[in-house]
2 protein chains.
Amino acid sequence: MADIKQGKIKSRESQLSTTLKDQLRCQSCGLTPLCLPVGMSEAETEKLDSIVHRNTPYHKGDHLFRQGDKFKGIYVITSGSVKSYYINKHGEECIVGFYLPGELIGLDAIHNRVYSCSVAVLETTSACEVPFSQLQSLTSEIPSLQHQLMCLLSKEVHNDCEMVAILASHSAEERLASFLLSLSSRYKSRSLSALEFNLSMSRTEIASFLGHAVETVSRTFSRFQEQGLLEVNRKQVKLLNIEALADLGGNTLTSSTTGFP
Amino acid sequence: MADIKQGKIKSRESQLSTTLKDQLRCQSCGLTPLCLPVGMSEAETEKLDSIVHRNTPYHKGDHLFRQGDKFKGIYVITSGSVKSYYINKHGEECIVGFYLPGELIGLDAIHNRVYSCSVAVLETTSACEVPFSQLQSLTSEIPSLQHQLMCLLSKEVHNDCEMVAILASHSAEERLASFLLSLSSRYKSRSLSALEFNLSMSRTEIASFLGHAVETVSRTFSRFQEQGLLEVNRKQVKLLNIEALADLGGNTLTSSTTGFP
DNA sequence: CGTTACCTTGAATATGATCAACAGGAGTGG
DNA sequence: CCACTCCTGTTGATCATATTCAAGGTAACG
């Protein structure tokens with residue numbers, strides 16, 4: 001509802017100065033170890049870089065694409081965060097995932113060429129757009145690109161399995177603990193603080209994602225705080241007792257993925 | 001616990017007669033349209049076929065592999081069904097997915113070369129084992145194989161997202177309805193009856209998968225029967241009112257994936 | 001400075017979990 | 001073939017947990 005104001009969509013492409021553009025190349029991007037160019041030579045990375053579109057930053061509420069749109073390519077968040085959601089039969093927004101810098105979006109649309117979810121921006125966010133047809137041509141030239149793309153797809157499958165495991169856990173405490181630990185480990189692998197971070201999503205959005213009522217999420221946060229597991233003030237979260245949280249969220253597939261053995 | 005009797009593991013390979021083996025080639029397999037050989041020439045399919053291992057059938061309780069095992073390859077169920085599960089911190093079995101003929105298993109292990117779940121057989125089951133290193137070599141020779149592998153990975157991501165959506169739905173009725181519809185549409189796309197089928201998994205296993213107590217699953221089945229939505233007798237299920245079930249399980253990502261628009 | 005949206009908390013209600021008992025098949029061994 | 005046990009599934013009663021409805025508080029924003 002909030003963003004039917006599509007009239008303001010403009011050509012985001014190429015509105016950046018040349019000097020800024022130089023800083024925004026795959027070769028100099030800090031996310032490279034998580035992204036597509038893993039294992040690629042300088043020359044190969046340059047080829048990949050040449051097909052990538054970098055748009056002007058998106059703002060809260062903007063959409064990368066919408067449910068049902070024709071599949072054009074995959075997106076990689078470079079800064080900020082987004083939510084992936086669909087509208088169910090009752091007209092409610094159901095959130096299927098959150099994506100942080102370095103994470104790929106749209107992988108589920110490769111097989112049928114249609115985006116099955118909408119992706120909206122939670123805060124000011126930059127993303128790279130990789131047109132899929134061109135990417136596919138490149139993979140036949142660059143074996144390590146093909147390999148890395150497959151690895152990233154596999155990783156996505158793995159993450160989704162883990163999410164299924166979290167959601168099958170009954171209690172609100174387990175789910176929220178697992179959710180926070182997931183965020184924490186993802187921040188950690190991006191060299192950000194694993195213990196103190198900002199939630200870019202609202203309580204309502206967390207609730208939708210975890211399959212709970214907003215009030216339950218809020219109460220669970222409060223309970224965690226009372227128990228000294230964390231400090232929370234609106235969006236600001238500080239994890240105080242990771243081990244206890246990990247004990248609660250006992251439903252992680254592998255301890256290696258949480259980063260907390 | 002039930003299957004520590006691993007002593008009985010023998011070389012399953014090549015215990016089949018030559019005539020039987022001829023029937024078990026990719027070229028003559030009915031699952032081809034769902035599996036890897038999509039879009040491949042006769043000669044290419046033959047190449048793929050030559051790297052595939054076909055073991056003697058597995059029996060209930062047998063394992064294809066176990067959580068933590070080194071990744072060797074992906075498996076495709078050709079008949080029967082399996083469950084994928086892990087053991088959580090409390091020692092409980094948590095089921096992450098069920099797989100039917102034509103579905104690929106182990107895709108989540110490509111990126112880190114370790115199976116993150118155990119996969120056990122629910123009934124007498126046949127499967128093809130595709131060694132990954134050889135498959136990867138083939139993909140560079142056969143572009144359509146690479147493409148199809150990517151598509152299958154993408155489809156898996158899509159299915160998992162859908163599962164997340166189902167599990168985020170609150171009520172027991174919604175979840176069970178979605179689960180049954182998912183099975184139904186998968187049987188349908190395998191040219192089996194979409195309305196009448198056998199559940200190869202126990203109530204306990206359904207409960208574990210959906211994140212409910214056994215009793216809840218049992219009661220929900222009974223309620224569906226009282227409402228005339230289905231007939232159920234132990235494992236035998238007959239769906240009587242698909243539309244009503246679809247209304248309940250309103251949390252499917254895309255109607256196209258359920259096959260019931 | 002006032003409005004709005006978001007978050008939190010409280011009380012009542014509904015839903016599912018748990019505990020317990022029982023029914024009915026499947027399989028076993030006589 | 002029957003009697004037996006074991007296992008799975010069903011049903012009932014009670015209890016715990018999360019939802020819902022309601023109200024109030026607080027940060028954000030124009």
Side-chain angles (χ1 to χ4, degrees), chain A residues 1-3 5 59-61 83 90 92-95 120 122-124 166-179 198-227 230-237 248 251, chain B residues 1-3 59-61 83 90 92-95 122-124 166-177 179-180 198-227 230-237 248 251:
Chain A
M1 300 295 146
D3 32 296
K5 39 181 171 182
H59 299 291
K60 185 169 178 169
K83 66 178 173 184
H90 313 293
E92 301 157 341
E93 175 181 300
C94 298
I95 293 184
L122 294 170
E123 58 192 322
T124 302
I166 290 175
L167 289 179
S169 69
H170 323 270
S171 82
E173 296 198 349
E174 280 182 59
R175 292 197 200 178
L176 186 61
S178 299
F179 173 70
N198 253 62
L199 301 171
S200 54
M201 66 292 289
S202 70
R203 296 288 188 274
T204 309
E205 286 163 335
I206 296 174
S208 164
F209 183 51
L210 297 180
H212 282 293
V214 200
E215 295 93 330
T216 303
V217 172
S218 186
R219 273 186 255 268
T220 310
F221 265 119
S222 302
R223 212 174 316 142
F224 282 171
Q225 185 159 246
E226 284 166 25
Q227 295 167 358
L230 50 75
E231 276 174 19
V232 58
N233 190 334
R234 297 257 155 178
K235 308 263 185 189
Q236 190 66 33
V237 174
L248 277 174
N251 268 14
Chain B
M1 298 294 145
D3 33 296
H59 298 291
K60 185 171 177 166
K83 65 178 173 184
H90 313 293
E92 300 157 341
E93 175 182 301
C94 298
I95 293 185
L122 294 171
E123 59 191 322
T124 302
I166 290 174
L167 289 178
S169 69
H170 322 270
S171 82
E173 295 197 349
E174 279 183 60
R175 292 196 199 180
L176 186 62
F179 173 69
L180 291 172
N198 253 63
L199 300 171
S200 54
M201 64 295 286
S202 69
R203 296 287 189 274
T204 309
E205 287 163 335
I206 297 174
S208 164
F209 183 50
L210 297 181
H212 283 294
V214 201
E215 296 93 331
T216 303
V217 172
S218 187
R219 271 187 255 268
T220 310
F221 265 119
S222 302
R223 212 174 316 141
F224 281 172
Q225 186 160 245
E226 283 166 25
Q227 294 167 358
L230 49 76
E231 274 173 22
V232 59
N233 189 334
R234 299 254 154 181
K235 308 263 184 190
Q236 191 66 34
V237 174
L248 276 173
N251 268 13

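So that the names make sense, note that chain A is the first sequence line, chain B the second, and so on, each numbered from 1.
Applying the side-chain contact (heavy atoms from CB on, under 4.5 Å) criterion to S218(A), with sequence neighbours excluded, gives no partner residue. By the side-chain contact (heavy atoms from CB on, under 4.5 Å) test, T220(A) pairs with A172(A), E173(A), L176(A), T216(A), R223(A), F224(A), sequence neighbours left out.
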Next item on the list: Determine, step by step, whether F179(B) and V217(B) satisfy the side-chain contact (heavy atoms from CB on, under 4.5 Å) criterion, reporting the C-alpha distance in whole Å, the side-chain angles of both residues, the deciding distance to 0.1 Å, and the verdict.
Entry: CA-CA 11 Å; F179(B) 173 69; V217(B) 172; over 6 Å; no
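Comparing dT10(D), dG16(C), dC7(C) by their closest approach to the side chain of S202(A) singles out dC7(C). Comparing dG12(D), dG16(C), dG10(C) by their closest approach to the side chain of R219(B) singles out dG12(D). For S222(B), the listed nucleotide lying nearest its side chain is dT10(D); candidates were dA18(D), dT10(D), dT9(C). Set against dC19(C), dG24(C), dT20(D), the side chain of E215(B) has dC19(C) as its closest nucleotide. Between dT9(C), dG24(C), dG16(C), one nucleotide has an atom nearer to the side chain of R234(B) than all others, and that is dG24(C). For A213(A), the listed nucleotide lying nearest its side chain is dT20(D); candidates were dT20(D), dT9(C), dT10(D).
For the pair R175(A) CZ and dG16(C) C1', the computed distance is 12 Å after rounding to whole Å. The interatomic distance linking R203(A) (CZ) with dA28(D) (P) rounds to 13 Å, in whole Å. Remark: P of dT17(D) and CG of L248(A) are 13 Å apart, rounded to the nearest angstrom. In this structure, N233(A) places its CG atom 10 Å from C1' of dT26(D), rounding to the nearest Å. In this structure, CG of N198(A) is placed 12 Å from P of dC7(C), rounded to the nearest angstrom. Whole-Å rounding puts the L199(A) CG to dC6(C) C1' distance at 14 Å. For the pair Q236(A) CD and dT26(D) C1', the interatomic distance rounds to 17 Å; values are reported in whole Å. Atom CZ of F221(A) is separated from atom P of dC7(C) by 10 Å (rounded to the nearest Å).
One finds a side-chain N or O of K235(B) lying less than 4.0 angstrom from the OP1 or OP2 phosphate oxygen of dG9(D).
A pairwise comparison of heavy atoms in S200(B) and E123(B) identifies CB-OE2, 3.4 Å as the closest pair.
Between the side chain of R203(A) and the backbone N or O of R234(A) there is at least one donor-acceptor pair closer than 3.5 Å.
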